[in-house]
Amino acid sequence: MIDDSKPIFMQIAELIENDIISGVLAEEAQVPSTNEFAAFYRINPATAAKGINRLVEDGLLYKKRGIGMFVTEGAPQRLRAQRREKFQQQFIAPLTAEASKLGIGVDELVAMIKTGSES
Amino acid sequence: MPRTTAIATRELSKTYKDVKALDNVTLDLEPDRIYGLLGRNGAGKTTLMSILTGQNYADHGTAEIFGHAPFEHDPTLSRICFIRESQKYPDDFKVHQAFESAALFFENWDEDLAQELVEAFALPINRRIKKLSRGQLSAVGVIIGMASRADITFFDEPYLGLDAVARQIFYDRLVEDFAEYPRTIVLSSHLIDEVANLLEHVIVIDKGQIVIDSDAEELRGTAVTVTGDAAKVQEFIGAAQVLHRDALGALASVTIKAKLDADQREQAKLMGLDLSPVSLQQLVVRSALSGTTAQRTEERTEARK
């Protein structure tokens with residue numbers, strides 16, 4: 001779950017973002033506490049707090065004093081829009097690069113994607 | 001206002017006969033953080049902790065705990081718990097007696113936590129400590145270290161003889177308890193991969209000198225391993241500092257100290273090179289060894305050509 005590729009706080013933030021996008025954490029739902037995250041992922045609580053705080057700064061989570069942390073209304077839509085922007089660079093670019101290496105033309109690639117989506 | 005420093009050392013040095021155990025060690029440790037004190041056997045970890053806990057003295061330099069020299073200063077010593085790798089207990093002491101003495105000494109002692117941990121480690125509390133297995137003896141130390149809730153707790157390789165399950169219990173309970181009762185924890189360990197995610201700050205000591213003193217998160221991603229065609233790897237890494245180099249025929253795998261940005265990653269991909277992350281353990285091993293081993297590896301590589 002947690003690996004060495006980047007700072008843990010960023011990975012925690014991404015894990016929560018994924019749960020927001022997939023609806024595991026619904027809008028206005030309460031998010032587990034920093035300490036719960038720390039215990040669950042076996043990480044330093046300060047690191048967990050840093051990841052959560054980043055989402056608070058981004059306005060994806062908000063704090064209710066003395067109660068906890070909640071998912072902001074509209075957070076899933078905002079995250080989806082962000083991910084769409086990165087989609088080209090993260091997924092399409094490597095796909096077309098590999099395809100051209102293998103001599104797969106654009107039309108063939110499109111056909112393969114269509115077949116893939118059907119199954 | 002900066003918070004009071006928990007531990008501060010200035011140019012701390014200690015020599016045993018002709019061995020420099022500590023060489024000009026200057027450190028500042030903030031309160032309420034988990035520190036990893038990492039390094040090879042004989043690097044100076046235990047010497048440093050002994051001095052910080054007033055059980056040894058330095059030849060040169062100063063060490064202060066919450067602003068006081070710890071040596072023979074009782075108010076300071078009562079705030080420190082030091083669990084040694086080979087912790088000694090009075091002869092014929094039973095396990096529960098060790099806990100009872102600890103409860104008297106440490107004012108924050110939490111008896112409930114101690115009981116929970118005794119159950120978690122399945123420790124026979126009526127047995128004489130002399131009769132315990134190595135793992136059970138380590139469990140006694142871990143329980144005292146945790147339940148003391150001292151302002152500063154040093155764990156010096158506390159897991160000897162503990163199996164993987166028992167070590168996981170220790171790490172899990174440490175994170176849980178620290179989250180609820182933040183305090184300064186200094187964890188000295190060889191098993192870096194096991195504790196890496198628990199640490200907020202990493203101090204690496206080698207031959208008595210501090211070679212890394214850095215936030216754990218900042219350290220993550222400061223090195224990367226580049227693998228691929230040897231010539232292309234060389235072209236890509238340029239003048240970057242090499243921590244380690246492996247070669248297999250025309251293939252090279254080189255660990256460099258560098259934070260790559262998105263463009264550089266893209267470029268590596270275009271050159272057909274693989275980039276892989278470097279774990280904290282690898283980074284520590286490479287940093288501690290980089291002087292001698294990297295050079296040797298290079299000579300070997302040269303010789304093969």
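The sequence lines fix the lettering, A, B, ..., with proteins before strands; numbering per chain opens at 1.
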Exercise. Does any N or O in the side chain of Arg183(B) come within less than 3.5 Å of the main-chain N or O of Tyr181(B), such that one atom is a donor and the other an acceptor?
Worked result: yes

Exercise. Using non-hydrogen atoms only, which part of Ile34(B) is less than 4.5 Å away from chain A: side chain, backbone, both, or neither?
Worked result: both

Exercise. Centres of the Phe170(B) and Phe155(B) rings: under 6.0 Å?
Worked result: yes

Seminar exercise, completed: Applying a strict 4.5 Å limit to non-hydrogen atoms, the region of Leu280(B) in contact with chain A is backbone

Exercise. Checking Ala39(A) against chain B: side chain, backbone, both or neither under 4.5 Å from a heavy atom?
Worked result: both

Exercise. Would you call Glu217(B) and Arg220(B) a salt bridge, using N to O less than 4.0 angstrom?
Worked result: yes

For this session: Under 4.5 Å heavy-atom distance to chain A, tell me which part of Gln168(B) shows up: side chain, backbone, both or neither.
Result: side chain

For this session: Specify which of Met10(A), Lys6(A), Arg42(A) makes the most heavy-atom pairs with chain B at under 4.5 Å.
Result: Arg42(A)

For this session: Identify which part of Val278(B) has an atom lying under 4.5 Å from any heavy atom of chain A, answering side chain, backbone, both or neither.
Result: backbone

Seminar exercise, completed: Most heavy-atom pairs under 4.5 Å with chain A, out of Val195(B), Leu283(B), Leu198(B), belong to Leu198(B)

Exercise. So, does Thr34(A) use its side chain to make a donor-acceptor pair with the main chain of Ala49(A) at under 3.5 Å?
Worked result: no

Exercise. Looking at Glu176(B) and Arg173(B), does any basic side-chain N land under 4.0 Å from a carboxylate oxygen?
Worked result: yes

Exercise. Checking side-chain contact (heavy atoms from CB on, under 4.5 Å) against Ser279(B), which of Val285(B), Val284(B), Ile192(B), Asp193(B) comes through?
Worked result: Asp193(B)

